Amino acid sequence: MPDHVTHKGMISIRYFLLAALYFYTIRMTVMKFRLNKKAFLVALCCCIITVALVFYGSRKLQNFDAALIAYLFGTVFALFGIIYRYCVWLQRPPTWMYFKRGWQLLFSKSFVEYAGLSIQKLVRNIAFQRFIYPRGKARWWGHFLLATGCLLAFSVTIPLTLGWIHFTMNPATSIDPADTNLYEAHLFGFKVMEFKLGSWIAFFIFHILNWCSWLVIIGCLLFMRRRLTHAGQIATQTFEGDWLPLILLIGISVTGLGLTYDYEFLKGKTYEFMAVTHAVTVILFLIWIPFGKFFHIIQRPAQVGAHLYKKEGEKKGMAVCPHTHKPFATQMHIDDLKTVTTELGFDFTLEDGSSHLDLSPEGKRSALAKAHLKAREESGKFFG
Amino acid sequence: MTTYYKTEMEFFVDMQRCIGCKACEAACAECETNGQQSMIHVNYVERAVTIQTTVQVCMHCDDPVCANVCPADAISKDEFGVVHTANSARCIGCSNCVMACPFGVPIKEEKYDMMMKCNMCYDRTSAGKKPMCATVCPSQALYYGTREEMRKMRPNSVPVNTFQFGKLEVKTKVNIMMPAGSTRLKVD
């Protein structure tokens with residue numbers, strides 16, 4: 001088949017993907033959700049800023065790779081969806097309370113202490129996901145490999161797609177065929193590093209997405225094994241919530257490896273097929289981020305805020321349960337919770353003016369048992 | 001998720017019948033959805049003055065406060081009214097649910113940095129079986145069966161699923177056995 005025919009085919013497939021994306025966006029916006037204007041505006045602004053950054057970051061599209069246009073649209077769509085959902089999420093009273101408190105605490109007079117704690121928690125909980133380790137070693141290995149592969153791949157592909165990084169041959173070394181060719185990496189058009197072609201560094205960098213693919217595949221297989229054998233998981237899992245993300249990630253990784261396989265071993269004969277299937281899986285993944293399980297990647301840093309909140313609360317003092325007479329939570333937490341529950345329409349104010357929330361969990365259970373006993377006593381029979 | 005959940009089956013709790021044997025605690029740890037950790041609570045009510053114990057399972061509220069106060073949208077209620085334990089991918093371990101639950105049910109597992117709670121042995125109930133705790137309770141403080149069975153067993157009691165915590169009324173999927181004629185349990 002002549003080259004121009006396959007090229008036209010590729011372009012039509014890309015247009016089809018873009019059209020599908022737009023229709024999907026419109027459908028999701030109009031049919032499923034009631035538009036949240038504030039979230040829409042923030043998301044729109046972020047997308048406009050990103051497109052502007054693509055334009056200027058790629059030096060007025062000089063360094064932008066036109067072959068990645070479908071990925072760019074997918075990325076901008078994902079960004080819109082993520083920001084939109086994030087803004088809607090933040091508008092919920094408990095989320096807003098934690099979000100507000102987290103930033104207030106970080107930029108308080110204890111900035112140095114809390115910035116240090118945040119970095120420690122970011123490394124421990126986000127980079128290494130150590131909180132998963134006590135839940136199961138295989139579970140941690142699976143998650144760590146999968147997350148590392150994904151985050152590393154994001155850090156490479158997103159700047160590449162947006163035209164923020166690109167690679168060029170060092171012109172001075174490419175004139176003389178006998179000379180060792182040097183390759184340069186540019187960030188926003190500025191040279192940031194240089195390496196010899198054929199070196200180990202070059203091999204590592206050129207294949208970085210392959211290494212990521214293997215990490216993701218191994219991680220996904222470990223999770224799939226768990227989902228096939230763990231009775232609790234089998235009872236509660238759903239296809240779209242738990243299996244689809246794993247299938248998508250394996251799809252992306254396998255088709256990505258297929259690209260390398262094609263040009264290393266098949267002389268590029270199946271390149272179009274590999275490129276299109278990879279683009280389809282990646283774009284599906286991107287548009288699924290705001291709606292499915294992948295959104296937890298965006299939510300997870302909130303865990304750092306929860307740690308700061310607990311630390312500050314401990315400094316300010318603990319709430320003591322009137323039933324057990326023991327400290328059970330920070331007073332700041334209980335006070336904030338009273339505000340949040342009231343905002344949500346749950347009024348726990350008791351007849352004496354105190355709150356049911358002043359009781360510890362054990363105190364609440366005892367209060368319930370005492371009320372039950374009282375009702376039985378009043379009826380004249382303890383059992384019946 | 002294929003399910004054989006029996007909608008005619010209900011959970012009935014009568015904490016006055018609890019003898020504090022903790023058989024339910026041991027059985028609860030067999031639940032696969034808890035990861036072999038006991039989520040049921042058995043505690044003395046006021047040890048200094050009485051040997052009375054109480055037992056508490058998740059009451060599976062119609063409008064669960066735990067899910068409403070969760071900043072991470074980690075708690076959900078399914079079509080059968082079962083309020084599920086925190087989605088482990090989302091839970092940020094803030095303990096809002098632990099402190100807000102009016103029944104004192106959720107547990108924050110510090111080592112996991114995650115909340116966990118009873119989900120009515122979903123691995124069993126979704127397969128048409130009874131929750132572990134209800135199968136072993138020797139005094140039937142915990143019972144899982146039909147309303148008709150309960151009516152025959154306890155003719156002088158009625159199942160009640162409305163609770164009053166001060167100004168707040170909470171309706172639940174799980175029933176508490178109250179003296180005949182009762183319509184709610186007032187807690188203050």
Side-chain angles (χ1 to χ4, degrees), chain A residues 89 92 94-95 97-99 125 131 134-135 230-232 234-239 293 296 299-300 302-303 305-306 309 323 329 333-334 337 340-341 344 346-352 355-357 359-373 375-376 378-379 381-384, chain B residues 1 14-17 31-35 41 43 45-46 52 54 56 65 68-73 84 88-90 92-96 98-107 111-114 119 122-123 126-127 154-157 163 165-168 176 178-180 182 185-188:
Chain A
W89 181 53
R92 294 192 55 237
T95 319
M97 178 65 87
Y98 262 99
F99 185 79
N125 289 350
F131 60 96
R135 301 179 192 176
H230 190 283
I234 292 168
T236 53
Q237 69 195 352
T238 60
F239 176 77
K293 193 167 193 167
H296 85 272
Q299 285 181 312
R300 181 53 59 187
Q303 194 178 20
Y309 186 76
H323 177 78
H333 191 184
I334 300 301
L337 207 50
V340 166
T341 46
L344 290 166
F346 298 102
D347 188 353
F348 284 104
T349 310
L350 302 175
E351 280 174 2
D352 62 2
S355 170
H356 188 60
L357 296 177
L359 289 165
S360 65
E362 186 184 333
K364 285 173 188 153
R365 295 194 294 270
S366 296
L368 191 75
K370 283 199 275 188
H372 189 238
L373 175 65
R376 285 287 193 194
E378 284 171 358
S379 77
K381 280 183 182 176
F382 286 112
F383 307 104
Chain B
M1 185 161 59
D14 189 344
M15 50 267 274
Q16 297 317 308
R17 302 181 80 93
C31 173
E32 297 281 0
T33 43
N34 296 351
H41 299 275
N43 61 272
V45 176
E46 206 153 10
Q52 183 195 0
T54 186
Q56 192 68 58
V65 183
N68 278 282
V69 299
C70 176
D73 294 335
H84 287 269
S88 59
R90 289 189 186 171
I92 57 169
C94 70
S95 296
N96 258 11
V98 179
M99 297 307 150
C101 170
F103 301 97
V105 168
I107 297 168
K111 61 179 183 290
Y112 303 152
D113 211 352
M114 184 176 78
N119 61 358
Y122 200 73
D123 58 325
S126 64
R154 313 269 166 79
N156 298 320
S157 294
F163 299 82
F165 297 96
K167 294 177 182 173
L168 182 70
I176 187 168
M178 294 281 289
S182 308
L185 175 60
K186 191 167 178 291
V187 184
D188 51 22

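Proteins get letters first, then strands, A, B, ... in listed order; numbering begins at 1 in each. Bear in mind the structure is a predicted one, so any value in this text is a computation, not a measurement.
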Student: Does any heavy atom of chain B fall under 4.5 Å from the side chain of Tyr98(A), the backbone, both, or neither of them?
Tutor: side chain
Student: Just so I understand: if I count every heavy-atom pair under 4.5 Å between each of Met97(A), His323(A), Lys381(A), Glu378(A) and chain B, which residue has the most?
Tutor: His323(A)
Student: What residue among Glu362(A), Lys370(A), His372(A) forms side chain to side chain contact (heavy atoms under 4.5 Å, CB included) with Val45(B)?
Tutor: Lys370(A)
Student: Heavy-atom pairs under 4.5 Å with chain A are the metric here; pick the option from Gly104(B), Ser182(B), Ala180(B), Gly93(B) that has the most.
Tutor: Gly104(B)
Student: Hey, does the side chain of Arg92(A) reach the backbone of Ala72(B) with a donor-acceptor pair shorter than 3.5 angstrom?
Tutor: no
Student: With a 4.5 angstrom heavy-atom cut-off, which part of Cys31(B) approaches chain A: side chain, backbone, both or neither?
Tutor: neither
Student: Distance only, no hydrogens: is a donor on one side chain within 3.5 Å (strictly under) of an acceptor on the other, for Arg376(A) and Ser157(B)?
Tutor: yes
Student: Side chain from CB out, backbone as N, CA, C, O: work out which of these in Cys101(B) comes under 4.5 Å of a heavy atom of chain A, or both, or neither.
Tutor: backbone
Student: Would you mind telling me which of Val105(B), Val69(B), Asn96(B) has the largest number of heavy-atom pairs within less than 4.5 Å of chain A?
Tutor: Asn96(B)
Student: What part of Ala371(A) is in contact with chain B, defined as an atom under 4.5 angstrom from a non-hydrogen atom: side chain, backbone, both or neither?
Tutor: both
Student: Taking every non-hydrogen pair under 4.5 Å, which of His230(A), Arg365(A), Gln303(A), His356(A) racks up the most with chain B?
Tutor: Arg365(A)
Student: May I ask you to name which of Asn125(A), Leu350(A), Thr341(A), Leu337(A) has the most heavy-atom pairs under 4.5 Å with chain B?
Tutor: Leu337(A)
Student: When heavy-atom pairs shorter than 4.5 Å are enumerated against chain B, which of Leu357(A), Thr349(A), Val340(A) gives the highest number?
Tutor: Thr349(A)
Student: At a 4.5 Å cut-off on heavy atoms, which part of Ile176(B) comes close to chain A: side chain, backbone, both, or neither?
Tutor: side chain
Student: Measuring from Met15(B):CE to Ser366(A):OG, what's the distance to the nearest 0.5 Å?
Tutor: 9.5 Å
Student: I need the minimum non-hydrogen distance between Pro94(A) and Cys70(B), along with the two atoms involved.
Tutor: CG-O, 4.0 Å
Student: Heavy atoms only: give me the nearest Gln52(B)-Ala369(A) pair and the separation to one decimal.
Tutor: NE2-O, 3.9 Å
Student: Examine whether an atom of Leu373(A) lies under 4.5 Å from a heavy atom of chain B, and if so say whether it belongs to the side chain, the backbone or both; otherwise answer neither.
Tutor: both
Student: Which bit of Asp352(A) comes within less than 4.5 Å of chain B, counting heavy atoms only: side chain, backbone, both or neither?
Tutor: neither
Student: Non-hydrogen atoms of chain A under 4.5 Å away: do they reach the side chain of Asn43(B), the backbone, both or neither?
Tutor: side chain
Student: Can you check whether Met114(B) reaches Arg135(A) side chain to side chain, under 4.5 Å on heavy atoms?
Tutor: yes
Student: Can you tell which part of Ser95(B) gets under 4.5 Å to a heavy atom of chain A, answering side chain, backbone, both or neither?
Tutor: both
Student: Do Arg90(B) side-chain atoms and Lys293(A) backbone N/O form a donor-acceptor pair below 3.5 Å?
Tutor: no
Student: Given side chains that start at C-beta, do those of Phe348(A) and Pro102(B) come closer than 4.5 Å, heavy atoms only?
Tutor: yes
Student: Pair Leu368(A), Phe163(B) - check side-chain contact (heavy atoms from CB on, under 4.5 Å), show working.
Tutor: CA-CA 9 Å; Leu368(A) 191 75; Phe163(B) 299 82; 3.9 Å; yes
Student: Could you tell me which of Asn119(B), Asp113(B), Asn156(B), Ile107(B) has the largest number of non-hydrogen atom pairs under 4.5 Å with chain A?
Tutor: Asp113(B)
Student: Check whether any side-chain heavy atom of Met99(B) sits under 4.5 Å from a side-chain heavy atom of Ile334(A), and report yes or no.
Tutor: yes
Student: Flag the one option from Val98(B), Asn68(B), Asn34(B), Val187(B) with the top tally of heavy-atom pairs under 4.5 Å to chain A.
Tutor: Asn68(B)
Student: How close do Lys364(A) and Phe103(B) get, counting heavy atoms only, and between which atoms?
Tutor: CB-C, 4.3 Å
Student: For the atom pair CD1 (Ile92(B)) and NE2 (His296(A)), what is the distance rounded to the nearest 0.5 Å?
Tutor: 13.5 Å
